[in-house]
2 protein chains.
Amino acid sequence: MRIVVARCTVDYTGRLSAHLPSAPRLIVAKADGSVAVHADDRAYKPLNWMSPPCSLAIEQNPDDSDLVTWRVTNRAGEVLTIVLEEVFHDSEHQLGTDPGLVKDGVEAHLQVLLAAQPTALEPGLTLVRREHPTAIGPVDLLCRDVAGQAVAVEIKRRGEIDGVEQLTRYLELLNRDPHLTPVRGLFAAQEIKPQARILASDRGIECVVVDYDALRGTDDPESRLF
Amino acid sequence: MRIVVARCTVDYTGRLSAHLPSAPRLIVAKADGSVAVHADDRAYKPLNWMSPPCSLAIEQNPDDSDLVTWRVTNRAGEVLTIVLEEVFHDSEHQLGTDPGLVKDGVEAHLQVLLAAQPTALEPGLTLVRREHPTAIGPVDLLCRDVAGQAVAVEIKRRGEIDGVEQLTRYLELLNRDPHLTPVRGLFAAQEIKPQARILASDRGIECVVVDYDALRGTDDPESRLF
DNA sequence: CCGTAAATGTCGTCG
DNA sequence: CGACGACGTTTACGG
């Protein structure tokens with residue numbers, strides 16, 4: 001990883017055109033060839049960048065030895081050009097491959113918990129299959145309700161419109177199966193946005209807000225992911 | 001901006017829980033109090049971070065002077081804890097506020113151009129309203145065709161499936177209005193993906209590929225965004 | 001390589 | 001401040 005702090009100008013041409021006037025910035029070139037240009041605010045988002053896979057070419061300006069140009073290109077024809085005008089810091093570091101991070105609290109875990117206790121979604125609900133396959137992808141949970149009717153469950157951490165659309169597509173396919181139809185839709189999330197709720201209601205899909213911590217508290221520790 | 005390269009462990013507790021085992025990484029603390037921890041790959045995304053507004057507290061471990069702990073917290077109660085085990089580099093830089101970047105080619109500009117010349121979409125098309133409101137959000141353009149029929153236009157830079165879904169939802173709502181129904185759908189983009197085209201066709205929505213440069217060339221310079 | 005779904009998405013805008 | 005949609009979304013995962 002190469003770390004440079006320099007006054008520079010930056011130009012990006014690709015999905016759009018963007019230009020950064022001359023100013024001091026942090027430039028990070030990583031081992032995978034990627035480059036990011038950061039200002040002194042916003043932790044997450046670089047001002048400009050090139051994602052891997054891409055390649056970096058460094059050119060010395062023949063007319064002016066003070067000017068060095070970094071040209072980063074990718075297969076899609078996007079180009080990021082950085083002209084270094086004044087370098088305040090320049091160092092190289094060997095970091096090695098990162099062991100990666102361990103997460104908890106994601107959708108996968110919610111799915112495991114709800115698969116173990118489908119009655120948390122609705123009294124009498126029983127699990128038929130987790131990740132039930134369809135032509136366009138797996139449904140999170142396929143269940144049967146107390147009356148024996150099939151119920152397709154889509155699980156999200158945060159329930160938004162996208163999730164309702166996704167469940168709608170699954171329902172359309174599942175209802176073509178004579179063994180299953182008519183299939184009810186159930187949209188489960190820790191939090192459901194008003195617009196998603198309206199759309200779901202309009203499509204005849206029920207919404208259930210689930211409490212992650214409560215589910216965790218009542219489940220069998222053996223079945224936990226972590 | 002403070003730049004540290006160090007062997008460290010990182011823990012995040014907030015929207016989820018995450019842990020990074022000990023390894024060498026880049027840590028950037030910015031003027032707004034935000035902190036990002038980067039591995040030697042992926043230009044854009046940090047391994048861990050805390051977005052502003054947040055505050056950084058640096059504590060010297062009383063038992064072991066080699067261990068320094070950074071604790072970053074925000075109003076929402078999220079906590080990022082970084083324990084520095086071995087520091088390879090540590091420097092501070094004054095960057096000042098960035099002049100910011102200049103963009104071009106975004107969807108907003110396309111919408112302005114097409115609102116000014118709806119005939120670029122279809123001969124005889126006239127604009128009724130830009131950002132026409134519906135219960136689930138505004139339709140980019142509401143027009144009337146040469147026969148007087150209402151036409152809802154959804155504009156994207158790149159036309160993909162979710163854009164077609166969006167337009168479908170608008171059409172469903174607009175068609176409930178007796179003053180408008182039957183409403184035609186028109187999906188306009190600089191580039192339309194095959195899957196989006198198929199879905200649009202299935203829904204009876206027409207697709208129009210628009211040439212941004214050509215539109216720009218023929219429009220009135222007064223109406224430009226930039 | 002393309003298509004889809006997830007994300008601690010982040011970021012602007014508008015109510 | 002919250003909801004909503006755009007973003008050069010990025011990133012991971014399957015076929």
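Naming: A, B, ... by sequence-line order, numbering from 1 per chain. Model, not experiment: these values are computed from the prediction.
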Check whether any side-chain nitrogen or oxygen of S51(A) sits under 4.0 Å from OP1 or OP2 of dG8(D), and answer yes or no. no

5' precedence on DNA chain C between M50(B) and I161(B) (nearest-nucleotide basis): I161(B)

Mapping L47(B) and Y170(A) onto DNA chain C by nearest heavy atom, which one lands closer to the 5' end? Y170(A)

Look at all strands and tell whether R197(A) reaches a base, only sugar-phosphate, or nothing, counting heavy atoms closer than 4.0 Å. nothing

Options dG3(C), dT8(C), dA5(C), nucleotide nearest the side-chain atoms of Q195(B): dG3(C)

Answer with base, sugar-phosphate or nothing: what part of the nucleic acid does Y44(B) contact at a heavy-atom distance below 4.0 Å? sugar-phosphate

Is it true that the side chains of T181(A) and N175(A) contain a donor and an acceptor less than 3.5 Å apart? yes

On DNA chain D, nearest-nucleotide positions of E191(A) versus K45(B): which is more 5'? E191(A)

Euclidean distance for P, dT4(C) against dT8(C) (whole angstrom): 22 Å

Separation between the P atoms of dA7(C) and dC7(D), rounded to whole Å: 22 Å

I82(B) has an atom CD1; how far is it from atom P of dT8(C), in whole Å? 17 Å

Derivation and outcome, salt bridge (charged side-chain N to carboxylate O under 4.0 Å, His left out), residues E191(B) and R15(A): CA-CA 11 Å; E191(B) 176 203 351; R15(A) 280 167 277 185; over 6 Å; no

Quick one: closest heavy-atom pair of N74(B) and C54(B), and the distance? CB-CB, 3.9 Å

Using a heavy-atom cut-off of 4.0 Å across all strands, would you classify E160(A) as base, sugar-phosphate, or nothing? nothing

Taking CD1 from I192(A) and P from dA3(D), how many angstroms apart are they, rounded to a whole number? 13 Å

Take atom P in dT11(D) and the same atom in dC11(C), then report the distance between them in whole Å. 15 Å

Donor-acceptor pair between Y170(A) and H132(A) side chains, under 3.5 angstrom: no

d(CD, E107(A); P, dT11(D)) in whole Å: 20 Å

Nearest whole angstrom, please: distance from the C1' of dG2(D) to the CZ of R75(B). 17 Å

Counting only heavy atoms not in E172(A), do more than 12 fall under 6.0 Å of its CD? no

Can you confirm if the aromatic rings of H19(A) and Y12(A) lie within a centre distance of less than 6.0 Å? no

When we call it a touch if two heavy atoms are under 4.0 Å apart, what does R158(B) touch: a base, just sugar-phosphate, or nothing? sugar-phosphate

Return the stems involving DNA chain D, sorted by first number, where pairs are Watson-Crick (N1-N3 with N6-O4 or O6-N4) or G-U wobble (N1-O2 and O6-N3), both under 3.5 Å, and runs are 3 or more long. C:1-7 with D:9-15, C:9-15 with D:1-7

In whole Å, what is the span from the CG atom of D41(B) to the P atom of dT10(D)? 16 Å

Using atom CG of L199(A) as one end and atom C1' of dA3(D) as the other, report the distance to the nearest whole Å. 15 Å

Distance alone, cut at 3.5 Å: any donor-acceptor contact between the side chains of E85(B) and S22(B)? yes

Q166(B) CD to dA6(D) P, in whole Å, measures 5 Å

Got more than 12 heavy atoms from elsewhere within 6.0 Å of CZ, R71(A)? no

Could you say whether the aromatic ring of W49(B) and the base of dT8(C) stack, counting only centre distances under 5.5 Å and plane angles under 30°? yes

Separation of atom CG in L80(B) from atom P in dT8(C), rounded to whole Å: 13 Å

Nearest to the side chain of K193(B), heavy atoms from C-beta on, is which of dT8(C), dT11(D), dG3(C)? dG3(C)

Once rounded to the nearest 0.5 Å, what's the spacing between atom OG1 of T69(B) and atom CD1 of I82(B)? 10.0 Å

Pick base, sugar-phosphate or nothing for D162(A), based on heavy-atom distances below 4.0 Å to the nucleic acid. nothing

Let me know, please, whether P52(A) or A18(A) comes out on the 5' side of the other along DNA chain D by nearest nucleotide. A18(A)

Please determine if a side-chain N or O atom of R15(B) lies less than 4.0 Å away from the OP1 or OP2 oxygen of dT10(C). yes

